[in-house]
Structure formats: structure tokens, C-alpha cells
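Right, one structure below, let's go through it.
Quick caveat, the model's predicted, so the values are computed rather than measured. Letters A, B, ... are given to chains in the order of the sequence lines, protein chains preceding strands, and every chain is numbered from 1.
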Amino acid sequence: MAQKPSIPKGTRDFSPVEMVKRNYIFDTIKEVFQLYGFMPIETPSMENLSTLMGKYGEEGDKLLFKVLNSGDFLSKINEDQIREKNSVKLTTKISEKGLRYDLTVPFARYVVQHRNEIDFPFKRYQIQPVWRADRPQKGRYREFFQCDVDVIGSNSLLNEVELIQIVDQVYKRLQLNVVVKLNNRKILAGIAEIIGEAEKIVDITVAIDKLDKIGLENVNKELVDKGISQEAIDTLQPIILLSGSNSEKLAKLKELLFASEIGMKGIEELETVFTYLSQLDVQIEVELDLTLARGLNYYTGAIFEVKSKDMEFGSITGGGRYDDLTGIFGLKDVSGVGISFGADRIYDVLEQMDKFPSNTGITTKVLFINFGEKEESFCLPILAKLRANGINAEIYPDSSKMKKQMTYANNKNIPFVILVGESEVEEGVVSLKNMESGDQEKLTPDQLIERLVSI
RNA sequence: GUGAUUGUAGCUCAGUUGGUUAGAGCGCUGGAUUGUGGUUCCAGAGGUCGCCGGUUCGAGACCGGUCUUUCACCCCA
């Protein structure tokens, strides 16, 4: 057992059966993306660490996989630096590349780097793996796929609305019941401003984000721990406990935040989005959730999160608007908004709910049983013809025992096998056997093609 | 990063308070069946009990370390 090869913690192999299911998800998502005019790009697995560091907060920096410099990476390090045992400092000297942590930051880098070739607004999608060095857990892997759609170079809230439509379409096609949670960073900023703790906005949002998980009492406790004044916490209570319909919540928020310019801007943005949604008759459930914060601190406007209604799980899709992500790379005043579908979590939900289409398992339609050299040369031209007609077909490569060949067809879920023995070769026909019913009939090659094309 | 948890055949798992040769089901291979799979019956192969060290006359079982699995926290897809 110990000698057996293995793969790193939090990574996975995907079998053919799993790949067929995964591709079903990717294909569905891709189709919808393209329906809305998004085009694909890809970026390298590795980015320069300078591109990645500092974009995901302190926590994110720790979760970056760093790539050791090639060559004698210790040659420039002196004894003192090693003895100091400061990993962070040493890391910058021996590693200058890292695996991408998400697709949004590499995309921002891409946009800045190729700004002269790009027509704005730029709508792209990107489906690639990302890597995070955190501990694996339920629905959490160290290598996982994200499916990102972003539009950059447009401030219009119509983009936010289209993203919600995309979410609606994707999950309709995947037949999953989901709810879209919607919030706006400006409202959160407004709240922080109103209660007089504007600088602590991150601590406040992280705390109230946990409301439905740990309850009001523990949220308040955490706020106290973070040094928020009791007065501010008291002012916060009616805000985080807001209930009712989306429009009721917005109406109450207006009263509470009227003194905050940024807060009112956020409310206005949300109202616009909701107006669009009703005009477009979007059916998906969209809920204004003030406790939705999302850790990534580059978000500046709308924040989205999608949760499965059938299953207790983390979010399966998330995103938001970022006004200045490209600014970090030297391109100012370009706003983007995007969302990311977590393919691996969607897979887990579909699997749990048994919502994968059943026919995705069939790959080969017909298998030629191999009887030997003579029969083989009779079969090969027919096999080529079947393939030319778009029929997935294969021949068993060895003239093994029939039982073994039939079992192969069985295990691979192949619905038909073709038997050609001495007598068939003489008659110039093939025997087509339906593996489900067991029925068998003799057909000429032309009849065979006609039959298989029609099924 | 913190706290738990798991590891025995290809897979899913048994294995008593430490005691000879470590078991089952499924799968696999062969046969019953030399041109017919799924069902049935018979036989067989397959394990340094995650790894390293320790306690003991004796360890799959106890202890320490390490890796791995799963889970919670942190954070997040």
C-alpha cells in the first residue's frame, strides 16, 4: 500500500464517467455564456507573485501556492537570512511565481496588458482550474475549476442584470433550485458610516455575514471582540434584522441610511437592478440579503451569491462589481463586474440530487466483436464507414474470448454489438445484437448503417 | 493556521480484554458453456493491516511521530 502512487492532498483524478458528467456542466455553462455574447480566453496556471500578492487580503496571501525558482535558488541567500527563519521574507527571495488563486485577478492583469487590442466593453468567459492551499473539506479542494464570466469597461447596471439572467438560465438548464442573494458593498459602507465605524467595515461585514450560521448573539459578541462600540452595535441591530420583501427592505433602508451618501447610492443601484429584473420578467428568486458580505475586498458595488435550495452547502456561484481592480495594474477608471460558477460544487449538488441526465454515460454506440484476422479484415471497412457516418463505433482490438468481449461491451454500456464470424463473412452480412433486449438480426453493411443512423 | 477524525484485498467494510495461518460481500481470473454478455453454480488469485519508531515473550489492536481521509473553526467556489 505504501508503495502505491498517490496524488497531493486536496487534488483529484477524474474517471471517464466523472468527466462525462463534468463536461455536461461545462458545456451547459459555456452555451449560456455564449448566448449572452461572451468569448473565451485562457491565462497561464502561473502568474508572477507580484500580480497575485495583496489582492485577496492577508488570508489570501497565505493560501497562495508559490512556485520555487528554478536553478540554484539558494545561491543569492546568505546565512543570516536563513538563520532568521522569517518564511515570508525568505519566500520573496526564493519564489517569484505562484499558481492562480482565482480567475478574476489574472483577467484584470490580462485586460491591462492587452488594453490596446481589446474593444470595450470586453465580455469574456474563462473556465480553468485554480489552486488554494487551504485545508480540504466538504466541497473544498486545493485544485478546483471556476467558470467565470466578466464584463469589463462598462458601468451599466444592465451588466449586473444580465449576469443574473445567466445564473437563471444555467440553473434552469441544470434543473437545480437556487436562490440568488444580492447585496451592495456601498450599502455596507453606508451602514458602517451611519453607525460611526466606517474604518471597521471589513470586520463588521465579516461578522454579520455569519448571522444565519451563528446567530445574532454571537455576531454581536464578535463585533465587541473586534472593538466596535456598544452604541454602534445597538444602532446596527435594526439594520441587520430587516425583514420583509425586497422593496420593503429597501424602503426601510432608505430611512435608516438617508444621511449616508454612499449608502443611498447603493440603494439606488439595487433599485435599478430590481426594476430591470421585473421588466425582463426574470423568474429566478432574487433576494436582497444585507448579511451577504463576501470576503474579497476588491468588490465595490453589487455582490452576488447563489445557493442551492435543495441542499445545505456553501455558495455554488458568487461574484460582484469591482471598480478598480485594473487600477492596481496601472489602468484607471475601468469598472468590471463578474460572477464565478463553482463547477465542483455544482457537480456535488447534481450528484446528490441525482440530476445528471442518464444518457451521458453512453459513448460508444456499437462494438465489433473480434473473431480473428479474416473476420477483422471484413469488419474494418464497415467500421470505417460507420464512423464516416458519425456513429461512435469501436472494434475489440484482440480476438479474446467472446465472454470477455461481451463483458467489455456490457461494462461500457454499449447498446449494440456486431458479430461477424465465418458464416457472416461468407454471406457478406453482419449480425447486429441489441444488448438490452438480446435480439439479433442479420443485415447487409448498407442496412446496418441505415439502421444505426436512425437510432 | 487551530481542534477533532480516518487508514485492513481493486472497492465497501468485519476483526472480541494484545495470543498460532487476518475474514466477508462485491469485483477480478478460470471452469460449467470451443459463436453470445447481464442470472446461477464451482474453483482460484489477490494483504509487510498507511509509513517510521517504541512498549511487549508476542502488536492489525497499545504509545509517539509522520503522511492521508473526513469534519468543524478561520476563510472561501
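- A distance of about 16 Å separates the P atoms of G7(B) and G60(B), rounded to the whole Å.
- The cationic group of Arg12(A) lies under 6.0 Å from the six-membered ring centre of Tyr141(A) and within 45° of the ring axis, placing it in a cation-pi geometry.
- Distance, Gln137(A) CD to A4(B) C1': 12 Å, rounded to whole Å.
- Between the side chains of Asp150(A) and Tyr322(A), at least one donor-acceptor pair of N or O atoms lies under 3.5 Å.
- If you take CD of Glu426(A) and P of G35(B), they are 15 Å apart, rounded to a whole angstrom.
- On the P atoms, A24(B) is 14 Å away from A9(B), given to the nearest whole Å.
- One can place NZ of Lys62(A) at 11 Å from C1' of U2(B), the figure rounded to the nearest angstrom.
- Atom-to-atom, CZ of Arg12(A) to C1' of U69(B) comes out at 14 Å; the value is rounded to the nearest Å.
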Legend entry - Candidate pair Gln237(A) and Asn220(A), rule side-chain contact (heavy atoms from CB on, under 4.5 Å), full reasoning: CA-CA 9 Å; Gln237(A) 300 308 300; Asn220(A) 288 336; 2.9 Å; yes
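- Only the C1' atoms considered, G46(B) is 12 Å distant from G27(B), to the nearest whole Å.
- Here, C73(B) and U8(B) have their P atoms 27 Å apart, quoted to the whole Å.
- Counting to the nearest Å, the P atom of G35(B) and the CD atom of Glu424(A) are 12 Å from each other.
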